[in-house]
Amino acid sequence: MDADVRQVADGTYLVHGSHTNWVILTEGDAVTLVDTGYPGDRRQLLDSLAAVGSSPAAVTAVLITHAHNDHLGSAEYLRAAHGTPVLLHEAEVPHARRDFLQQVSVGTILRNAWRPGVLPWTVHVLRSGGTERHPVTAPAPFPAPGALDLPGRPVPVHTPGHTDGHCVFHLPAAGVVISGDALVSGHAISRIEGPQLLPDLFHHDRARAVGSLDVIAGLDGDLLLPGHGPLHRGPVKDAAARARERAF
């Protein structure tokens, strides 16, 4: 499958992997990569960098919204092969090392196998390496509050609930919010389209996930780049409000 790379703003590219999105931020020859897809998405990941005129060696840092396997997939590969720093919220660093795992269990998936879309999604997860162990050997916390000195000048914003250390990334100058799994616009097992929380079984703490929608609503922007689903255009605060309405 070819990488589906779409330029959504100056120097900002949303890439649709097999079931998960990642974002490429460019500045001259340098690149910030936000998330990395499944382990099985590596060829698509490398192709997406080539499609924007870049390469793995040009990635100045990998930012991870959260350390689930479908977002962390090639982070350790880039760190080990190219010395690329892998940065996360401090609460997510031990999760990336796999000191613990805040991810939906096989038992929970089996109990939900009756739901539409769950079995095909599960097959995809297995084929994409979603149950493999790919810990990051030396993940690091963000060096300081505020904008990171990286291409795109992303601002990490802590949005716990999906995992304890989940972060979204705000690009104030571009009016962009990279929302990871804190606010999505679709999923393989969701029966609705548009702004929404992921189905409940995926959240470590659903109440905190709902509360984090208020944090996202406070970010100025009109372009939402989610971890799952298509690009969403319109005020981010309205997208967060719509997801909150659907959560109850």
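Count residues from 1 along the sequence. Heavy-atom basis, side chains included; hydrogens, waters and symmetry copies ignored.
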Under the salt bridge (charged side-chain N to carboxylate O under 4.0 Å, His left out) rule, collect the residues that match up with R208, sequence neighbours excluded.
D164

With heavy-atom distances below 4.5 Å as the criterion, would you say the side chains of F169 and V23 are in contact?
no

May I ask you to test the H95-T163 pair for a side-chain heavy-atom distance under 4.5 Å?
yes

What pairs of donor and acceptor atoms, side-chain ones from residues 115-127 against any protein atom, are under 3.5 angstrom apart with sequence neighbours left out?
from	atom 1	to	atom 2	distance (Å)
T122	OG1	V118	O	2.7
H124	NE2	S18	OG	3.0
H124	NE2	S128	OG	3.2

Answer yes or no: is there a side-chain heavy-atom contact under 4.5 Å between L183 and L197?
no

Closer than 3.5 angstrom, by distance alone: can the side chain of R244 be matched with the main-chain N or O of D214 as a donor-acceptor pair?
no

pair T20-D35: side-chain heavy atoms closer than 4.5 Å
no

Do other residues, nucleotides or ligands put more than 12 heavy atoms under 6.0 Å from D29 CG?
no

E193 atom CD, neighbour heavy-atom count above 12 within 6.0 Å
no

Let's go through H187 and F202 carefully: what are the C-alpha distance in whole Å and the side-chain angles of both, what is the deciding distance for side-chain contact (heavy atoms from CB on, under 4.5 Å) to 0.1 Å, and is it a yes or a no?
CA-CA 11 Å; H187 189 270; F202 292 119; 3.7 Å; yes

Hey, would you say the H204 and H166 ring centroids sit under 6.0 Å apart?
no

Donor-acceptor pair, distance only, cut-off 3.5 Å: does the side chain of H134 make one with the backbone of S74?
no

Atom pairs and distances, donor-acceptor, side-chain atoms in residues 223-230, under 3.5 Å, two or more places apart:
from	atom 1	to	atom 2	distance (Å)
H228	ND1	H19	O	2.9
H228	NE2	D70	OD2	3.4
H228	NE2	D181	OD1	3.2
H228	NE2	D181	OD2	3.4

Do any side-chain atoms of residues 136-157 form donor-acceptor pairs under 3.5 angstrom with protein atoms, and if so which ones, sequence neighbours left out?
from	atom 1	to	atom 2	distance (Å)
T137	OG1	E76	OE2	2.8
R153	NH1	E27	OE1	3.4
R153	NH1	L150	O	2.6

Under 3.5 Å, side chain of H232 to main-chain N/O of G194, donor-acceptor pair present?
no

Of all residues at least two apart in sequence or in a different chain, which pass the salt bridge (charged side-chain N to carboxylate O under 4.0 Å, His left out) check with D10?
none

Between E92 and H89, does any side-chain donor sit less than 3.5 Å from a side-chain acceptor?
no

Tell me whether R6 contacts the main-chain N or O of H16 through its side chain, where contact means a donor paired with an acceptor under 3.5 Å.
no

Check for a donor-acceptor pair, side chain of T60 on one end and backbone N or O of V31 on the other, with a separation under 3.5 Å.
yes

Candidate pair I189 and L201, rule side-chain contact (heavy atoms from CB on, under 4.5 Å), full reasoning
CA-CA 11 Å; I189 75 167; L201 72 159; 3.9 Å; yes

Is there a side-chain contact (heavy atoms from CB on, under 4.5 Å) between Y77 and T36? Walk through the geometry before answering.
CA-CA 10 Å; Y77 162 77; T36 67; over 6 Å; no

Test log, rule side-chain contact (heavy atoms from CB on, under 4.5 Å), inputs Q44 and Y38:
CA-CA 10 Å; Q44 288 177 273; Y38 281 101; over 6 Å; no

Looking only at the aromatic ring of each residue, does the gap between the centers of H66 and H71 stay below 6.0 angstrom?
yes

P56 side chain near L49 side chain, heavy-atom distance below 4.5 Å
yes

By salt bridge (charged side-chain N to carboxylate O under 4.0 Å, His left out), D222 pairs with (sequence neighbours left out) none

